[in-house]
Amino acid sequence: MAEKRPVVKKNRPRRFYDYSLLFTVIFLSVFGLIMIYSSSSYAAQLKFGNASFFMMKQAKIALGGFILMIIISKMDYHWYGKFAAFAYVLSYILMIAVSLFGKKFNGKRRWLGVGSLTFQPTEFVKIALIVMLAVMIVQMGKNINTKNGVALIIVTTLPIAGIVAANNLSSGIIIVGIAFVMLFVACKKKWPFFACGFAGVGLLAFAGPIATVLEKLNILHDYQLGRILVWLEPEAYPSTGGYQVLQGLYAIGSGGLVGRGLGESIQKMGFVPEAQNDMIFSIICEELGLFGAVSVILIFLFMIYRFMLIADNAPDLFGALLVVGVMGHIAIQVILNIAVVTNTIPNTGITLPFISYGGTSVLFLMAEMGMVLSVSNQIKLEK
């Protein structure tokens with residue numbers, strides 16, 4: 001009888017999965033739930049008779065978002081590119097629908113939905129634009145370094161950013177920022193981007209006079225000019241526009257080095273309006289002090305480091321650009337939120353990713369994390 005030859009099993013290539021990023025997302029989400037409970041318990045008890053109302057609502061959406069993130073992370077990220085154009089067009093439809101039929105909260109029309117089920121389409125626009133720009137830059141190849149290539153990206157970004165900015169200036173800024181970061185990475189020439197950065201600093205330096213002129217030209221609304229004037233001199237508006245800014249600064253200042261202790265904030269007792277939202281970083285500073293604030297910043301920096309690592313090792317340009325787009329989104333939103341809370345820039349109403357209260361925000365952030373983990377899962381490990 002002939003000898004049976006041993007069956008040689010083909011070794012499948014080992015694939016990388018960034019568990020460090022996954023655990024960072026879990027930590028930030030859990031920390032966010034703790035801070036939401038701490039910052040909102042007083043207001044929730046008075047308004048709803050349940051101190052954990054906001055935390056439980058956020059926890060349910062975060063859990064659903066986490067499951068969505070895991071599902072997306074196991075998919076081939078090239079699949080998203082097939083729906084890039086559809087998602088981009090849908091983002092226009094959703095934003096137009098918001099302008100016409102959106103629900104108003106606090107005088108702003110930013111939500112779509114039926115009954116208690118609502119969501120902010122601006123969060124969908126961010127993720128749709130990231131995928132769309134990644135597809136376009138890959139298809140253009142070296143042409144992205146030409147004026148026409150850059151102009152095409154700008155023309156793709158600015159109209160939707162303008163529609164978003166009409167109702168939500170902060171989200172419009174983030175959308176432009178995402179395109180800026182993706183272009184910066186894709187283009188060989190860097191000096192125009194540094195020039196734009198310096199121009200932005202100059203714009204902040206002369207924000208007051210520029211805003212006054214824009215308001216007279218009916219480009220800026222009265223409330224937007226008011227925010228800039230409050231930013232320049234919040235003490236002059238202690239009971240109106242400057243109230244939230246000043247209360248946030250009082251919270252930061254009273255925290256000291258190690259803070260008052262978790263749950264011991266005084267400013268959340270009705271002084272900082274809706275402390276669980278945009279101003280939650282001020283409560284972190286008050287309760288956990290400078291130590292807690294720096295720790296949160298370092299965790300976000302570690303997250304950005306993981307993004308950079310995944311983008312640098314991505315199997316192709318499309319995957320790298322997806323990660324860069326998400327990285328730009330997270331980095332810009334964190335910087336703007338902290339800058340607003342510390343009154344470094346005018347108040348634009350922007351949440352702190354994974355930590356501030358907001359169901360739509362955390363759901364789409366989880367979807368973005370799923371995309372990044374999907375790219376990481378396609379990285380082949382060398383033997």
Side-chain angles (χ1 to χ4, degrees), residues 28-63 65 103-111 113 115-120 123 168 170 223 227 230 234 237-256 259-289 292-293 296 333 336-338 340-343 347-363 365:
L28 283 173
S29 300
V30 173
F31 176 74
L33 291 175
I34 293 170
M35 291 310 305
I36 286 171
Y37 177 76
S38 177
S39 59
S40 68
S41 56
Y42 176 80
Q45 183 66 43
L46 289 179
K47 191 173 182 180
F48 303 103
N50 180 7
S52 62
F53 176 83
F54 291 107
M55 184 199 71
M56 292 305 297
K57 194 174 179 181
Q58 182 85 345
K60 292 174 184 177
I61 298 173
L63 180 60
K103 292 188 174 184
K104 274 190 176 182
F105 291 96
N106 297 325
K108 296 169 186 176
R109 200 185 294 273
R110 297 179 181 176
W111 287 264
S116 60
L117 297 175
T118 59
F119 82 105
Q120 283 187 283
E123 300 301 326
N168 192 336
S170 58
Y223 76 90
R227 284 182 176 180
V230 166
Y237 309 88
S239 59
T240 53
Y243 179 79
Q244 186 183 43
V245 175
L246 290 172
Q247 295 301 325
L249 292 175
Y250 294 154
I252 294 170
S254 64
R260 294 178 178 274
L262 187 63
E264 299 299 320
S265 168
I266 294 175
Q267 295 302 112
K268 70 181 181 184
M269 304 293 187
F271 295 101
V272 176
E274 297 189 28
Q276 72 276 8
N277 290 333
D278 307 342
M279 301 297 287
I280 198 167
F281 187 74
S282 66
I283 306 302
I284 293 173
C285 292
E286 185 182 8
E287 294 189 348
L288 305 180
V296 169
Q333 195 157 326
L336 290 182
N337 177 268
I338 295 175
V340 165
V341 171
T342 57
N343 201 38
N347 193 333
T348 56
I350 194 164
T351 57
L352 187 61
F354 302 104
I355 298 177
S356 292
Y357 176 75
T360 307
S361 176
V362 75
L363 187 65
L365 281 171

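Since this is a predicted model, take the numbers as computed values, not measurements. Both backbone and side-chain heavy atoms feed into the values below; hydrogens, waters and symmetry mates do not.
At a threshold of 4.5 Å between non-hydrogen side-chain atoms, the residues F54 and N277 do not count as touching. Under the 4.5 Å side-chain criterion, counting only non-hydrogen atoms from C-beta, E286 is in contact with I283. The side-chain heavy atoms of L288 and V296, taken from C-beta on, include no pair separated by under 4.5 Å. Looking at heavy atoms from C-beta onward, I280 lies out of side-chain contact with Y357 at the 4.5 angstrom threshold.
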What do the steps show when you test I355 against I284 for side chain to side chain contact (heavy atoms under 4.5 Å, CB included), and what is the final call? CA-CA 10 Å; I355 298 177; I284 293 173; 4.1 Å; yes
Please step through side chain to side chain contact (heavy atoms under 4.5 Å, CB included) for the pair L262 and M35, ending with a clear verdict. CA-CA 8 Å; L262 187 63; M35 291 310 305; 3.8 Å; yes
With side chain to side chain contact (heavy atoms under 4.5 Å, CB included) as the test, would you mind laying out the steps for F354 and L365 before giving the verdict? CA-CA 8 Å; F354 302 104; L365 281 171; 4.0 Å; yes
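A distance of 11.5 Å separates OG of S282 from CD1 of I338, quoted to the nearest 0.5 Å. S361 OG to L352 CG: the interatomic distance, rounded to the nearest 0.5 Å, is 9.5 Å. One finds the CG atom of D278 at 8.0 Å from the CD1 atom of I350 (value rounded to the nearest 0.5 Å). For the atom pair CD (Q276) and CD1 (I36), the distance works out to 7.5 Å, reported to the nearest 0.5 Å. Here the CD1 atom belonging to I61 is positioned 11.5 Å from the CE atom belonging to M56, to the nearest 0.5 angstrom.
Pairing each heavy atom of A44 with each of A51, the nearest pair is CB-O, 3.8 Å. The heavy-atom pair separating L363 from G65 by the smallest distance is CD1-CA, 3.7 Å. Looking at every heavy atom in both residues, M269 comes nearest to S265 through CE-O, 3.9 Å. Counting all heavy atoms, side chain and backbone alike, L249 lies closest to V341 at CD2-O, 3.9 Å.
For S38 (side chain) and I34 (main-chain N/O), no donor-acceptor pair under 3.5 Å exists by modelled atom type. A donor-acceptor pair under 3.5 Å is formed between the side chain of Q58 and the backbone N or O of S356. Side chain of Q247 to backbone of V272: no donor-acceptor contact under 3.5 angstrom is found.
Defined by atom type and a distance below 3.5 Å, a donor-acceptor pair is present between the side-chain atoms of Q333 and T351.
Classification of the F48-F53 ring pair by plane angle, with boundaries at 30° and 60°, yields parallel.
Ion pair E287/K268 flagged as a salt bridge, since at least one NZ, NE, NH1 or NH2 atom sits closer than 4.0 Å to an Asp/Glu carboxylate oxygen.
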